[in-house]
Amino acid sequence: MSDAVASPWNNDHSTPFVELSRADWAALAPTTRLPLRETEIVQLRGLGEPLDLGEVTDVYLPLSRLLNLYAAGARQLHRATSDFLGERAQRTPFVIGVAGSVAVGKSTIARLLRELLARWEDTPRVELVTTDGFLLPNAELTRRGLMDRKGFPESYDRRALLRFVAAVKSGAAEVRSPFYSHLSYDIVPDAQIVVRQPDILIVEGLNVLQPPGPGHGLAVSDLFDFTLYVDARTQDIARWYEDRFLKLQRGAFSNPKSYFHRYASMTESEARSRSREIWTEINEPNLVRNIRPTRSRATLVLRKDSNHAVSKVLLRKV
Ligand SMILES: Nc1ncnc2c1ncn2[C@@H]1O[C@H](COP(=O)(O)OP(=O)(O)O)[C@@H](O)[C@H]1O
Ligand SMILES: CC(C)(COP(=O)(O)O)[C@@H](O)C(=O)NCCC(=O)O
C-alpha cells in the first residue's frame with residue numbers, strides 16, 4: 001500500500017495481513033445470493049459515490065459473508081465462556097467499527113453493510129451509529145479553541161462514546177446516542193438516536209480505531225469484534241472531498257438553515273478554493289496525523305482505487 005505508515009510490520013517485510021486482489025476476494029463467496037436490488041443500492045449511495053451491483057457482488061457480499069461467520073464464531077465463544085463461568089449466556093451484540101478519512105465513503109459502506117447483514121437470518125437486527133453524535137457541541141469546541149479541529153480525536157467526548165458502546169454491548173435494553181446535524185454543523189440539543197438490543201451494532205467514524213490515550217484504560221476500539229478501515233490515496237480522497245463540496249454547495253448549502261449557506265453564492269472557483277482550504281487545514285492533517293496511523297490496527301482494509309472501486313482487500317491473519 002502507498003501512503004505508508006510506520007508500524008512494526010513495515011520494517012521486517014512481514015505484515016499482519018493477507019492481501020487479496022479484487023478478483024480473488026470476489027471468488028470467495030460465489031454461492032451467496034445478492035439480497036439487494038439495484039434500486040435499493042442506489043438509495044444507499046452517498047453523494048458522488050458510484051456504488052453499483054458489480055461492486056456490491058464482488059466486494060461487499062463476500063465481506064458480509066465473512067462478517068456473518070465472525071459473528072457466529074463470537075456467539076459460540078461467548079456461550080463457551082459463559083459455560084466455563086457457570087453463567088447463563090446472555091446474547092450480546094457483535095460490534096463492528098468502520099474507520100477512514102473524511103470523504104472516503106465510510107457512510108455508504110456502513111449503510112450497505114447494515115442492509116446486507118440484516119438479511120442473514122441469524123442477525124436480523126442491525127443498528128448503525130456514526131461517531132459525529134459524540135462530537136463536542138460547537139459552543140464547547142469554541143471554548144476549547146477546537147473549532148478548526150472538528151473530527152480530530154480531541155474534538156469528541158470519547159468517554160461518552162465508550163460508555164455508549166459498552167452499554168449496548170452489555171445488553172442494555174435501550175441506549176441513547178446524541179445526534180449531529182450536517183445541516184447545522186452542530187449537535188442537535190434535544191435529538192437522540194435510540195439503540196435497542198441489536199444483533200449487530202455498526203459504529204462508523206473517523207477515529208474509531210484510536211488506541212486509548214495516556215492514562216486511559218480503554219478506548220472504544222477495545223470493544224469492537226471486527227474493524228474495517230476504508231483506505232484510498234490521499235490525492236483521490238482530496239478530489240472526492242472537493243467534488244462533494246461542489247455538489248453540496250449547489251444542493252444542501254442553498255438551504256438558508258445550512259451552516260455553510262454563506263458558501264452557496266460563491267463562484268465555482270471560489271468554492272473549490274474554500275474546499276481545498278478546509279481539506280488542507282483540517283481534514284488532511286487529521287488523516288495523516290490521526291486516522292491513517294490506525295490503519296494497521298484494523299481487522300480488514302478495503303483499498304479503493306481512484307474511481308471508488310475496491311482494488312484490494314487486506315485481511316488480518318494474526
Ligand atoms: N457539509 C455537509 N452537508 C451535508 N452532508 C454532509 C456534509 N459533509 C458531509 N456530509 C455527509 O455526511 C456523511 C459523512 O461524511 P464523511 O464524514 O466525510 O464520511 P464518508 O464520506 O467517509 O462517509 C456523508 O454521507 C456525506 O455526504
Ligand atoms: C462530522 C465529521 C467530523 C465526521 O464525523 P464522524 O461521524 O466520522 O465522527 C466530518 O464530516 C466533518 O464535518 N469534518 C469537519 C471539517 C469539514 O467540514 O470537512
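Every number for a ligand or one of its atoms is a count from 1 in the order of the listing.
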Asker: Under 4.0 Å, heavy atoms only, figure out whether ligand 2 is touched by the backbone of Trp279, its side chain, both or neither.
Answerer: neither
Asker: At a 4.0 Å threshold, what atoms of ligand 2 neighbour a non-hydrogen atom of His182?
Answerer: 1 (C), 11 (O)
Asker: If the threshold is 4.0 Å, N to carboxylate O, is there a salt bridge linking Glu268 and Arg272?
Answerer: yes
Asker: Considering non-hydrogen atoms of the protein only, which is the closest contact for atom 3 (C) of ligand 2, and what is the distance?
Answerer: Gly151 CA, 3.7 Å
Asker: Apply side-chain hydrogen bond (donor to acceptor under 3.5 Å, both in side chains) to the pair Thr130 and Asp132, showing each step before the final yes or no.
Answerer: CA-CA 6 Å; Thr130 51; Asp132 50 14; 2.6 Å; yes
Asker: Under 4.0 Å, heavy atoms only, figure out whether ligand 2 is touched by the backbone of Asn207, its side chain, both or neither.
Answerer: neither
Asker: May I ask you to decide if Leu51's main-chain N or O and Arg45's side chain share a donor-acceptor pair within less than 3.5 Å?
Answerer: yes
Asker: Looking at Trp25, does the NZ or CZ of Lys312 lie under 6.0 angstrom from its six-membered ring centre and within 45 degrees of the ring axis?
Answerer: no
Asker: Answer yes or no for Ser107: is there a heavy-atom contact with ligand 1 below 4.0 Å?
Answerer: yes
Asker: Considering heavy atoms of the protein only, find what lies nearest to atom 7 (O) of ligand 2 and give residue, atom and distance to 0.1 Å.
Answerer: Asp132 N, 3.0 Å
Asker: Please work out whether the ring planes of Tyr185 and Phe260 are parallel, tilted or perpendicular, with thresholds of 30° and 60°.
Answerer: perpendicular
Asker: Quick one: does Asn283 get an N or O within less than 3.5 Å of an N or O on ligand 2?
Answerer: yes
Asker: Under 4.0 angstrom from ligand 2, any heavy atom of Phe245?
Answerer: no
Asker: Look up atom CD1 in Ile237 and atom CZ in Arg292, then write down how far apart they are to the nearest 0.5 Å.
Answerer: 5.5 Å
Asker: Side chain, backbone, both or neither: which part of Tyr241 comes within less than 4.0 Å of ligand 2 when only heavy atoms are counted?
Answerer: side chain
Asker: Tell me, do Ile41 and Glu55 make a side-chain contact under 4.5 Å, heavy atoms counted?
Answerer: no
Asker: Find out whether the Lys NZ or Arg CZ of Arg262 is both under 6.0 angstrom from the six-membered ring centre of Tyr259 and within 45° of the ring's axis.
Answerer: yes
Asker: Which option out of Lys106, Lys247, Arg244, His182 puts a heavy atom nearest to atom 15 (O) of ligand 1?
Answerer: Arg244
Asker: Please report whether ligand 1 has a polar contact with Gly46, defined as an N or O pair separated by less than 3.5 Å (distance criterion only).
Answerer: no
Asker: Only one of Trp240, Phe253, Trp279 clears ring-ring contact (aromatic ring centres under 6.0 Å, His included) with Phe245; which?
Answerer: Phe253
Asker: What are the atoms of ligand 1, with element, lying closer than 4.0 Å to any heavy atom of Val104?
Answerer: 21 (O), 22 (O)
Asker: Who's closest to atom 2 (C) of ligand 1 heavy-atom-wise, of Leu248, Asn255, Leu183?
Answerer: Leu248
Asker: Does Arg149 count as lying over the ring of Phe152, i.e. NZ or CZ under 6.0 Å from the six-ring centre, within 45 degrees of the axis?
Answerer: yes
Asker: List every atom of ligand 2 that sits less than 4.0 Å from any heavy atom of Tyr180, numbering the atoms from 1 in the order shown and giving each element.
Answerer: 1 (C)
Asker: Number the atoms of ligand 1 from 1 as they appear, then name those within less than 4.0 Å of a heavy atom of Ala103, with their elements.
Answerer: 16 (P), 18 (O), 19 (O), 20 (P), 21 (O), 22 (O)
Asker: Going by a strict under-4.0 Å cutoff (protein heavy atoms only), does atom 15 (C) of ligand 2 have a neighbour on the protein?
Answerer: yes
Asker: Any idea which atoms of ligand 1 are less than 4.0 Å away from a heavy-atom of Ser101?
Answerer: 22 (O)
Asker: May I ask you to test the Tyr70-Thr299 pair for a side-chain heavy-atom distance under 4.5 Å?
Answerer: yes
Asker: Would Gly100 count as a contact residue for ligand 1, given that I'm defining contact as a non-hydrogen atom of the residue lying under 4.0 Å from a ligand atom?
Answerer: no
Asker: Is there side-chain contact between Tyr60 and Leu116, with at least one heavy-atom pair below 4.5 Å?
Answerer: yes
Asker: Could you tell me, atom by atom, which parts of ligand 1 come under 4.0 Å of a heavy atom of Phe260?
Answerer: 1 (N)
Asker: Name the closest protein heavy atom to atom 12 (C) of ligand 2, giving the residue it belongs to and the distance to 0.1 Å.
Answerer: Val102 CG2, 4.7 Å
Asker: Which heavy atom of the protein is the closest neighbour of atom 13 (O) of ligand 2, given with residue, atom name and distance?
Answerer: Tyr185 CE1, 3.9 Å
Asker: Any idea which protein heavy atom is nearest atom 8 (O) of ligand 2, and the distance to it?
Answerer: Leu206 N, 3.0 Å
Asker: Determine, step by step, whether Arg297 and Ser221 satisfy the side-chain hydrogen bond (donor to acceptor under 3.5 Å, both in side chains) criterion, reporting the C-alpha distance in whole Å, the side-chain angles of both residues, the deciding distance to 0.1 Å, and the verdict.
Answerer: CA-CA 9 Å; Arg297 293 166 52 77; Ser221 57; 3.0 Å; yes
Asker: What part of Tyr241 sits under 4.0 Å from ligand 1 if we count only heavy atoms: the side chain, the backbone, both or neither?
Answerer: neither
Asker: Between Arg274 and Glu270, is a salt bridge (charged side-chain N to carboxylate O under 4.0 Å, His left out) present by the stated rule, with each step listed?
Answerer: CA-CA 6 Å; Arg274 181 67 193 119; Glu270 284 168 342; over 6 Å; no
